[in-house]
Amino acid sequence: AQSVTQLDSHVSVSEGTPVLLRCNYSSSYSPSLFWYVQHPNKGLQLLLKYTSAATLVKGINGFEAEFKKSETSFHLTKPSAHMSDAAEYFCVVSERSSASKIIFGSGTRLSIRP
Amino acid sequence: NAGVTQTPKFRVLKTGQSMTLLCAQDMNHEYMYWYRQDPGMGLRLIHYSVGEGTTAKGEVPDGYNVSRLKKQNFLLGLESAAPSQTSVYFCASIAGGWGGETQYFGPGTRLLVL
């Protein structure tokens with residue numbers, strides 16, 4: 001069985017400071033892992049994904065995430081937050097061999113203080 | 001190339017009324033999904049389809065029906081709406097069946113059941 005836990009429901013940082021959004025997963029299979037971003041009243045957009053190649057994955061807008069199998073984690077980071085990063089972020093786990101089993105985390109709302 | 005579109009954007013129903021939500025994609029994708037998004041719960045899968053003429057139940061299928069008569073369209077029906085179905089509904093699609101593929105999301109339909 002698969003599951004995903006986003007450890008913080010809300011994270012608030014000052015503009016220009018680092019961002020860390022935490023995600024832990026559980027999977028019986030080799031997983032694919034994703035981070036999606038949702039801006040207010042919009043659909044979801046892919047930030048980045050891990051599918052078994054490099055464990056450090058770079059995404060759009062300066063975000064990156066590292067797949068750590070030993071810690072079953074896939075935390076999202078950004079060195080310097082921008083006001084436009086304010087949004088809801090979802091960590092997602094999928095069984096790599098099948099697109100029928102996709103599990104979403106409950107989301108982390110990122111707020112940016114001026 | 002419009003991607004994934006959803007109709008309508010917003011709807012208000014009275015308890016017991018019925019309606020159909022339409023999802024359309026122009027990317028020739030095989031897999032399509034219907035999710036509902038509720039505060040603090042992430043996205044939960046209602047139904048999905050792995051190809052034209054096929055549908056399958058997701059995590060929360062009760063009270064919903066779906067049809068995929070054409071590859072590009074995936075319809076979500078509510079036969080007798082209940083207040084518990086007040087939510088934001090998202091449609092998504094994937095090109096094939098591999099779990100590492102990116103999901104493309106529509107902009108969402110906001111449904112209020114009174």
Side-chain angles (χ1 to χ4, degrees), chain A residues 1-10 21 23-25 27-54 57 59-60 67 74 87-109, chain B residues 2-7 9-10 21 23-25 27 29-51 54-61 74 87-111:
Chain A
Q2 296 180 112
S3 67
V4 59
T5 302
Q6 292 185 241
L7 296 164
D8 306 291
S9 59
H10 182 216
L21 305 184
C23 173
N24 286 124
Y25 72 92
S27 178
S28 304
Y29 308 93
S30 296
S32 292
L33 292 155
F34 306 77
W35 278 98
Y36 286 87
V37 60
Q38 182 183 30
H39 290 280
N41 301 311
K42 300 289 187 184
L44 279 73
Q45 178 187 13
L46 180 73
L47 266 181
L48 50 79
K49 65 179 178 181
Y50 165 78
T51 58
S52 84
V57 181
I60 61 172
F67 172 69
F74 191 57
E88 187 95 18
Y89 292 79
F90 293 96
C91 183
V92 179
V93 63
S94 171
E95 180 185 338
R96 193 176 302 159
S97 62
S98 170
S100 303
K101 300 176 181 177
I102 301 173
I103 307 296
F104 281 74
S106 56
T108 298
R109 182 165 61 91
Chain B
V4 181
T5 58
Q6 293 183 231
T7 309
K9 288 184 170 53
F10 177 69
L21 285 68
C23 175
Q25 52 93 6
M27 298 174 283
H29 284 179
E30 289 293 336
Y31 280 48
M32 297 185 74
Y33 308 80
W34 274 109
Y35 295 94
R36 59 177 289 172
Q37 182 179 28
D38 302 292
M41 301 185 74
L43 273 68
R44 292 182 292 167
L45 182 63
I46 304 171
H47 287 279
Y48 65 98
S49 168
V50 303
T54 72
T55 63
K57 293 181 180 180
E59 179 187 356
V60 289
F74 194 29
S87 188
V88 182
Y89 292 85
F90 286 99
C91 176
S93 68
I94 283 181
W98 179 49
E101 295 188 61
T102 300
Q103 284 187 300
Y104 292 85
F105 286 86
T109 294
R110 197 170 295 271
L111 176 64

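Just so it is clear: chains get the letters A, B, ... in the order the sequence lines come, proteins before strands, and each one is counted from 1.
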Side chain from CB out, backbone as N, CA, C, O: work out which of these in [X] comes under 4.5 Å of a heavy atom of chain A, or both, or neither.
| X | result |
| --- | --- |
| R44(B) | neither |
| I94(B) | side chain |
| Q37(B) | side chain |

Can you tell me which portion of [X] sits under 4.5 Å from chain B's heavy atoms? Options are side chain, backbone, both or neither.
| X | answer |
| --- | --- |
| K49(A) | side chain |
| L46(A) | side chain |
| Q38(A) | side chain |

Q. Which of the residues G40(B), A92(B), G108(B) is involved in the greatest number of heavy-atom pairs with chain A at under 4.5 angstrom?
A.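 Looking at each option in turn, the highest pair count goes to G40(B).
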
Q: Can you establish whether the number of heavy atoms outside Y104(B) located under 6.0 Å from its atom OH is more than 12?
A: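 Check fails, neighbour count at 12 or below.
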
Taking the side chain as everything from C-beta on, heavy atoms only, tell me whether [X] gets closer than 4.5 Å to [Y].
| X | Y | value |
| --- | --- | --- |
| I60(A) | Q45(A) | yes |
| C23(B) | W34(B) | yes |
| Y33(B) | L43(B) | no |

Q.
If I compare all heavy atoms of Q2(A) with all of S94(A), which pair ends up nearest, and what's the gap?
A.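 Nearest pair, atom of Q2(A) first, then S94(A): OE1-C, 3.1 Å.
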
Q) With under 30° as parallel and over 60° as perpendicular, where do the rings of F67(A) and Y50(A) fit, or are they tilted in between? A)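 Parallel.
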
